Amino acid sequence: MDIFSDDSKMKVKVLVRNPDDYLRETKRDIHKLPRNYDPALHPLEAPREYTRALNAVKLERVFALPFIGCLDGHRDGLSCLGKTPDHLSWLYSGACDGELKLWDVAKRRVLCTVQAHDGFVRAIAYSQESSFLYTVGDDKLIKQWKSEAEDGSDLKAPVNTILTGGMLTGISPHRSKPILATCGEACNLWEHTRAQPIKTFQWGVDSLQSIKFNQVEENILAACGSDRSIILYDMRESVPLRKVVLKMRSNSICWNPMEAFIFTVANEDYNLYTFDMRNLNSPLNVHSDHVSAVIDVDYSPTGKEFVSASYDKTVRIYDARQAHSRDIYHTKRMQRLTCAAWSLDDRFIFSGSDEMNIRIWKARAAEKLGVVKPREKTALRVNAKLIEKFEHHPHIKKIQRHRHVPKHVYNARNELRSGRIAARRKEFNVRTHTKRQKPIISEKVKAIVSEQQ
Amino acid sequence: MSKLKTLQPAEEKQEFLDIDETASNDGDDEQKHEKLLNAISKLGRNKKMKITQRTEPVSKINEHALVQIGTGDGDSKAKKIQVDDLLSVIAKKTRLGALSKTVKQAKSRTQTLKVPLEKPQALRVERAAGYEKVKDEISRWDDTVKGNRNAEQLIFPLNQPSLKMCSSKEFTSKFKPKTPLEQQISELLRGNKNVQAEDQELTPAEQEALTSMSLKEALERRKELAKSRALQSYQEAKARRQNKIKSKTYHRLLKREKMKNHVKEFEALKENDPEKALEKLEQLDKKRIEERMTLKHKGAGKWAKLQAIRSKYDENARESLADQLRIGKEVTRKVKKSDDESDEDIPPIPLEKSDNPWLGGTESAHPTSEITSGYRKLWDTVNKNKEIKKIINEIPIKAKSKPKKKKQSVDREVNVSDLSASDDNESITSESPEMQEEFSEELNEGLVRKSTMEDFEQRDEDIEIDQIHRPKKTKSIPIEEKVSETTKNKTKLVTDIDPFKFISMPDTTIINSSVPVTEEGNEEEDEEEQRRMTLAEAFADDDVIEQFKEEKKRVVSASAPKDIDLTLPGWGEWGGSGVKISKRKRRQFIIKAPPAPKRRDENQGNLIINEDKNTNMRRQQVDDLPFPFRSAAAFETTIRAPVTSTFIPETAVRKLAAPKVRTKIGTVIAPMTDEVLISTTNRNKESADKMELENVKKSSQVKDKKRKRSELTATPPNKRKVRKNEWKITDKPAAKSLKK
């Protein structure tokens, strides 16, 4: 007892910590980790982050599985796709046998099938203003469909059919007025209650293969002509506005939904050209990388990127301001592509091809679908940031940019590249051995033949 | 007119002829004959416009039959009828007088319209005009587009309703008491004086208490304040006055007085509290030492300055000045007696590493400029002096054995004898290993004990070698060798000089004796500093080779493997200050490094080959400056800035890692609409204003309906609900709202 009492008198100094600093309140709480962020204590910050970035980029490639699934059911090659802003999961598709299908993409099944035209269904467009679906076909008909029922059952017969005089190849609705623009032998403006066009724009005798209304500046529209031209129209004017002729034909045109004056065309010369509407002398950007004619182009609803479908059996995704593609999608069985569309929630890409299938892809190959919890989301973002930080480092860049491509694409690319190098070499030699120098013409300007008023 | 001429077809001519013929039927023969002659004569000539003459008045005049005057025969050319001629005829009639005026006006205005363009050209013009118009129109999106492109983060869909977080203050301000209890409480609180307002420190009640002083009290307080203020001002004035006094004697006296006071205090303390007195004594002593360090024996005094001027010519003055400086050095050296028993004699050596005299301070001076040439000699002698002193200490026999040296050494011995023996000893013993340890801890942990031990051994060896070699060489050589050796070992040796004080001394006054120096404070120092800097810049290139050698040495030593010291002080034996780690332990726990591999640049004097270049590493590094960056430094900073939560707080990570584009799952992103053109900030502001307005209205309503409490409860929630609904509507894509 004496001993204890003695002990109790003795004062012993001990280290004391406040449990609030290191204990969780509940089991669900995160672990508190007090940390000293003094950079002097972490001399290897950059190397450690580099390693993390390397891991992140490798993981990104591991998880890059863009192909989600395919919608099969058509009995002929696809010719066109149509989106509808009223239903995110709906997708219209037209085939070369005139069949029109409405798909529920989320469930991957057909909602409705209808024989819309004799011959090709050339184009499908949904007018949000009037909530009607419009199709044009090789039978020179514009058909107006009602498509509001949730199960797609009201797509059985067209509400209205307009018999037109000439071939039709494209259709595009005005964003806020009940007006349609069709192209074919000429550019026509229709009001859906009338049987005759309210306006006709003709510039030359050549036919047009694609037409699009500008969605932002709503009265402006643009079309691609078979005389290799791109023509701008103003709906309010009686004449077209301007024409620019490229070296080769443009197959398709798409306006940027966020930048009113920017549009991109898919060209036969394997490139895509992005133009500023106000300066048609030279394109803003030439997007190369395809190894065959580009058939279709569609912008992402954010206006930051676009997808292109090519005859070389690949789909490529471009940053709208970059010359080279961000990603390439291909599968073994996917044949020549005829159409591509970017979903309106910026998450998916649809591509239609010759072998009768519509394919669904992720817009960002490594993105996780489904529920992402906050911590995971933060981790993914940090990883993305790390990759962005170190993207210029060769090892990381190599991993990030490396894609496996089909052999035919690989070979064609090499062939094209060698051709380009040869041409460049020749030009250099010519330049060095001629007395009178020719002016240097940039690659961008080279593609343009003339701008016509 | 000419057009008319050309347009007349031949058929009509024929017609005219017919008319003529018909007319000739009943005309006279003479005319007929004339006509015939004319016709015949014209046959030979070119067929020109035929001028017909009207011969018969008819009701309908053929316009082509009108005679063109001036185009026909020669005689009729002169009489071309002008409008004026006709008018002059009418002019007489007053009724038609105005006609002439109008004709004049019309004449002045006449302008023919241009020919309309041909269709292709016309279309082109129209198209160009339309294009320009559209271009202008569409350019209104420029700012928006640019803004979106440069935005840190874009959240789609763009036109989301402006929701904002309410701060707790805002929320509580909206609180309305509903239950009777709440109302009672709020009533109590509102009227109460003891409730503290938002931005006030005191409650109204407290303030009242403060203000409610009696008049007398207030006056007293005021008086007090005035008094204290006056006193303060007096003191200030006095201090200012005293500060202004320039007299040195006054200041000296003041100082002395202060000292006396201190002494008095000290005496008093001595009796009362001896411990404190001791402390005080120490403090005083320290102060004295500091004072000595800063002022005396530095060549800053009047006498020293005079000597400096003289020293150029006068040997004596030079010597005395040197003496003075030496003493100054001796004094400024911190004196500490070592506890250790180590008796090794280490010569006192200058502290500076660099040879540049103006960077360090007093000790190492190898002046190069002509002005200081005299001083340099002096300085050399000082140095030699020291060296000799050392040598005397180490090898007194050898020094004596040289007759020529003797003469010099005699002189110096006088100097040495000036100093007390104890002083000498102290200066020698000041370099105890413990001191070195202390110093090395501050600098670098890499230089630890091992180096001292070995160094001491090595130095002994060196000295021995010197001693062996010395007899062979001339007398001056050993000294020089010594000097070079000492400079070599400079880094390892430490003197106990307070570095801050040391640097702050304005001792360069001697070097530039021509520049007047005062004893004043900061400005002087700054000037001095500047001068030193400029001099340093001027002589920056002096010892490039030396620098290179040093650098090479550094590189070599860095690449050489180092011993690993795993000894733990106090582990297995006693630890604490002054306790040495035992040899056994050291042997056991210091892992000896293997000998350094041979370097490729070992025998190549002026070459450093970087041998730790790593090819594997190189592969991971960036070759060129990446595109958006303008400078390598900028790029490096981005790489250096960490982004993960290991190195920066979680909140910062979240901010940094925020994605450029954010979209909402399952939401349609509609194309841009005109609404975006109206800046969002304005819109938010407007909405906020609206909200405020509504609040004001509501509050006013509340005031009105204060009496009718029953109605109060029902209104606000309803309104809230309505607003929610509005948001829901705007959530839908913008196109619909536009349509409406």
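Nothing here was measured: the structure is a model prediction, and the numbers come from that model. Worth knowing before you read on, the calculation uses all heavy atoms, side chains too, and leaves out hydrogens, waters and symmetry mates. Reminder, nothing fancy here: chain letters follow the sequence lines and each chain counts from 1.
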- Of the backbone (N, CA, C, O) and the side chain (C-beta and beyond), which part of B:V643 lies under 4.5 Å from a heavy atom of chain A, both, or neither? both
- Checked A:K397, A:R236, A:E388, A:Q452 vs chain B; the most non-hydrogen pairs under 4.5 Å come from A:R236
- Query: Hey, what's the ring geometry for A:F132 with A:H192, parallel, tilted or perpendicular (30° and 60° as the breaks)?
  - Reply: tilted
- Give me the ring orientation class for A:F306 and A:Y318: parallel if the planes are under 30° apart, tilted from 30 to 60°, perpendicular past 60°. parallel
- Message: So which residue, B:R619, B:R654, B:R149, B:E650, ends up with the most heavy-atom pairs under 4.5 Å with chain A?
- Response: B:R149
- Which of the residues B:T144, B:L656, B:D623, B:L154 is involved in the greatest number of heavy-atom pairs with chain A at under 4.5 angstrom? B:L656
- Looking only at A:T302, A:L88, A:L54, the option with the highest number of non-hydrogen pairs under 4.5 Å against chain B is A:T302
- Message: What verdict does the side-chain hydrogen bond (donor to acceptor under 3.5 Å, both in side chains) test give for A:E217 and B:W141, after you've listed the backbone C-alpha separation in whole Å, the side-chain angles of each residue and the deciding distance to 0.1 Å?
- Response: CA-CA 9 Å; A:E217 199 59 53; B:W141 291 97; 2.5 Å; yes
- Is any side-chain heavy atom of B:I669 closer than 4.5 Å to a side-chain heavy atom of B:T663? yes
- Query: Looking at B:P649, B:A128, B:S645, B:P659, which one has more heavy-atom pairs under 4.5 Å with chain A than the rest?
  - Reply: B:P649
- Is a salt bridge present between A:D346 and A:K304, judged by a nitrogen-to-oxygen distance below 4.0 Å? no
- Honestly, the part of B:F156 sitting under 4.5 Å from a heavy atom of chain A is side chain
- Hey, is B:E152 close enough to B:K660 for a salt bridge, meaning N to O under 4.0 Å? no
- Message: Do the side chains of A:K243 and A:E451 get close enough for a salt bridge, i.e. N-O under 4.0 angstrom?
- Response: no
- Given side chain to side chain contact (heavy atoms under 4.5 Å, CB included), test A:Y233 with A:L241 step by step and report yes or no. CA-CA 5 Å; A:Y233 304 95; A:L241 297 177; 5.6 Å; no
- Applying a strict 4.5 Å limit to non-hydrogen atoms, the region of B:T638 in contact with chain A is backbone
- Message: Let's test your reading of the structure: which of A:K389, A:R278, A:R321, A:M277 forms the most heavy-atom pairs below 4.5 Å with chain B?
- Response: A:R278
- Message: Check this for me: does any side-chain nitrogen of one of A:E305 and A:R326 sit under 4.0 Å from a carboxylate oxygen of the other?
- Response: yes
- Under 4.5 Å from any heavy atom of chain A - which part of B:I138: both
- Can you say whether A:Y50 sits under 4.5 Å from chain B via the side chain, the backbone, both, or neither, judging by heavy atoms? side chain
- Query: Is it the backbone or the side chain of A:W255 that comes under 4.5 Å from a heavy atom of chain B, or both, or neither?
  - Reply: neither
- Compare every heavy atom of A:L280 with every heavy atom of A:V244, then report the nearest pair and how far apart it is. CG2-O, 3.6 Å
- Item | chain A contact via B:A129 - which portion, at a heavy-atom distance below 4.5 Å | neither
- Message: Taking every non-hydrogen pair under 4.5 Å, which of A:E391, A:K398, A:R347 racks up the most with chain B?
- Response: A:R347
- Which residue out of A:I262, A:T378, A:V216 racks up the most heavy-atom pairs below 4.5 Å with chain B? A:V216
- Query: Does a side chain donor of either B:E611 or B:S559 reach within less than 3.5 Å of an acceptor in the other side chain?
  - Reply: no
- Query: Which bit of B:R662 comes within less than 4.5 Å of chain A, counting heavy atoms only: side chain, backbone, both or neither?
  - Reply: side chain
- Query: Most heavy-atom pairs under 4.5 angstrom with chain B, which of A:E237, A:M258, A:H42?
  - Reply: A:M258
- Query: Please walk me through it: do A:N279 and B:K135 pass side chain to side chain contact (heavy atoms under 4.5 Å, CB included)?
  - Reply: CA-CA 9 Å; A:N279 180 23; B:K135 236 165 119 175; over 6 Å; no
- Task: Look at B:Q620, B:Q621, B:R124 and state which one has the largest set of heavy-atom pairs under 4.5 Å with chain A.
- Result: B:Q620
- Go through the atoms of A:A384 and report whether side chain, backbone, both or neither lie under 4.5 Å from a heavy atom of chain B. neither
- Tell me, for A:L232 versus chain B, whether the close heavy atoms (under 4.5 Å) come from the side chain, the backbone, both or neither. side chain
